[in-house]
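In what follows, chains carry the letters A, B, and so on, assigned in the order in which the sequence lines appear, proteins first and then strands, with residues in each chain numbered from 1. The shown structure was predicted, so the numbers you read here are calculated from the model rather than taken from an experiment.
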2 protein chains.
Amino acid sequence: MILLTRNITSYSMDTKKLIEMLREKGFKVTPQRLAIYEKILANKEHPTVDQIYQEVQKKFPTLSLTTVYHTLHLLTKIELLQELRCNNGVSRYEPDKTPHINIICQNCGAISDYQSKNVENFLLQLKKELKTKLLGNHFEIQTICEKCRKQG
Amino acid sequence: MILLTRNITSYSMDTKKLIEMLREKGFKVTPQRLAIYEKILANKEHPTVDQIYQEVQKKFPTLSLTTVYHTLHLLTKIELLQELRCNNGVSRYEPDKTPHINIICQNCGAISDYQSKNVENFLLQLKKELKTKLLGNHFEIQTICEKCRKQG
DNA sequence: AAGTTAATTAATAATCATTATAGTATATTT
DNA sequence: AAATATACTATAATGATTATTAATTAACTT
């Protein structure tokens, strides 16, 4: 597997950012890492680990699930991703975005985003109020989605 | 085990509420259920399932873990509790309370509560804005706590 | 107070997301 | 282009949670 690490001009802004951050911290830039990150950026549905695995496997048939887990932890560690723990102990991932709320169904695990000026202001205000540094640009709130509510 | 179900005057407000809700939905009022709920109300540390099991077992030595899981799911279903999925896929539980934020350390799983007038107003406002019915009176936000941050 | 129904217990096994291990491959440095 | 440190892969292990029994116990109804 050949990666032209010295010429990153063909990559997207986000991927370039990842490459720089990996280099900066002494981690290696591998095609698996880039592909996993790109897939999460492209997928707006807050994919699960397994979904990411399935999708990236199409491009790299030998990809192992362990690598996906390892990469997701690494990217979370360097704060490019946040892990969302939903129902059934299944993790989902999302990249940093504009301030929003993740409304998480406790039954099926579906996540819907909600944005508003109020949310944005509140998050900014909160970051000022709190001494503790927060991760990401979102907070989470629980619901039972319409679909699940109908089914009882 | 004798429970004077017709005289609930000696119970706390919260326990009375539980008893009423169980009756209303046709579930039986058992001392285990009351004890588990009371323990969660008394423990402000958002206990894990195993911690609840350990503590309530002191009062009911024959208590089984299965009962604890079953009861917690039941109380969550009737919306007296919310399940918090933290790190390592371990569930913690908390009762409905005044509006607050659970600031959850993604490393060690520790949860610290945060309350303010802003939080309260925002949550009220949010419930008006959203069509979806929310569970509980809190939302969750991620951090790495001071202790973990120091340890790297 | 007896009958009915549901809950609890116990012991075990199954599930399934996640983590650990160890050998092989590859990115990066020189 | 070789050296070396890290990453990747495959497999096995872990561990919280669920499921399955079946027997016992206890709550609730009339």
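If you check every strand for non-hydrogen atoms under 4.0 Å, A:Thr48 touches nothing.
Applying the side chain to side chain donor-acceptor pair (under 3.5 Å) rule to B:Thr143 yields no partners; only residues at least two apart in sequence or on another chain are considered. Residues passing the salt bridge (charged side-chain N to carboxylate O under 4.0 Å, His left out) test with A:Glu55, sequence neighbours excluded: A:Lys39. Taking A:His100 as the reference, A:His138 meet the ring pair (Phe, Tyr, Trp, His ring centres under 6.0 Å) condition, with sequence neighbours excluded. Considering only residues two or more places apart in sequence or on other chains, B:Gln57 meets the side chain to side chain donor-acceptor pair (under 3.5 Å) condition with B:Tyr53. Residues satisfying the salt bridge (charged side-chain N to carboxylate O under 4.0 Å, His left out) criterion with A:Lys133, sequence neighbours excluded, are A:Glu79.
When each of B:Glu140, B:Glu83, B:Gln82 is paired with A:Gln142, the side chain to side chain donor-acceptor pair (under 3.5 Å) condition holds for B:Glu140 and for no other.
The separation between A:Asp50 atom CG and C:dC16 atom C1' is 11 Å, rounded to whole Å. Summarising the geometry, the separation between OH on A:Tyr53 and C1' on C:dC16 is reported as 15 Å, rounded to the nearest angstrom. Atom CG in A:Leu65 sits roughly 14 Å away from atom P in C:dC16 (whole-Å rounding). In this structure, the OH atom of B:Tyr93 is 10 Å from the C1' atom of D:dT17, given to the nearest Å. Atom CZ in B:Arg23 sits about 13 Å away from atom C1' in D:dT29, given to the nearest Å. If you measure from atom CZ of A:Arg92 to atom C1' of C:dA17, you get 13 Å, rounded to the nearest angstrom. Look at CD1 on B:Ile36: it is 8 Å from P on C:dT9, rounded to the nearest Å. For A:Gln54 and C:dA17, the CD to P distance is 11 Å, given to the nearest whole Å.
Ring-plane geometry between B:Phe139 and B:Phe122 is classed as perpendicular, the angle between the planes exceeding 60 degrees on a 0 to 90 degree scale with a lower cut at 30.
Summary of the strand contacts: A:Pro61 and B:Val90 both lie near DNA chain D, and taking for each the nucleotide with the nearest heavy atom, the more 5' one is attributed to A:Pro61.
Not one side-chain nitrogen or oxygen of A:His73 sits closer than 4.0 Å to the OP1 or OP2 atom of C:dT18. At C:dT18, one or more side-chain N or O atoms of A:Tyr69 fall inside 4.0 Å of OP1 or OP2 (strictly under the cut-off).
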Pairs under 3.5 angstrom only: tabulate donor-acceptor contacts from the side chains of residues 123-131 of chain B to other protein residues two or more places apart or in another chain.
unit_1   : atom_1 : unit_2   : atom_2 : d
B:Gln125 : NE2    : B:Glu129 : OE2    : 3.2
B:Lys127 : NZ     : B:Gly136 : O      : 3.3
B:Lys127 : NZ     : B:Asn137 : OD1    : 3.3
B:Glu129 : OE1    : A:Tyr114 : OH     : 2.3
B:Glu129 : OE2    : A:Asn118 : ND2    : 2.6

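Across its full length, the helix from C:dA1-D:dT30 to C:dT30-D:dA1 shows an angle of 50° between the axes of its 5 terminal pairs at either end, rounded to 10 degrees.
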Under a 4.0 Å heavy-atom criterion, the protein footprint on nucleotides 2-9 of chain D, written with B, S and -, is ---BBSSB
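Within the structure, no pair that satisfies the ring pair (Phe, Tyr, Trp, His ring centres under 6.0 Å) test touches residues 62-96 of chain A, not counting sequence neighbours.
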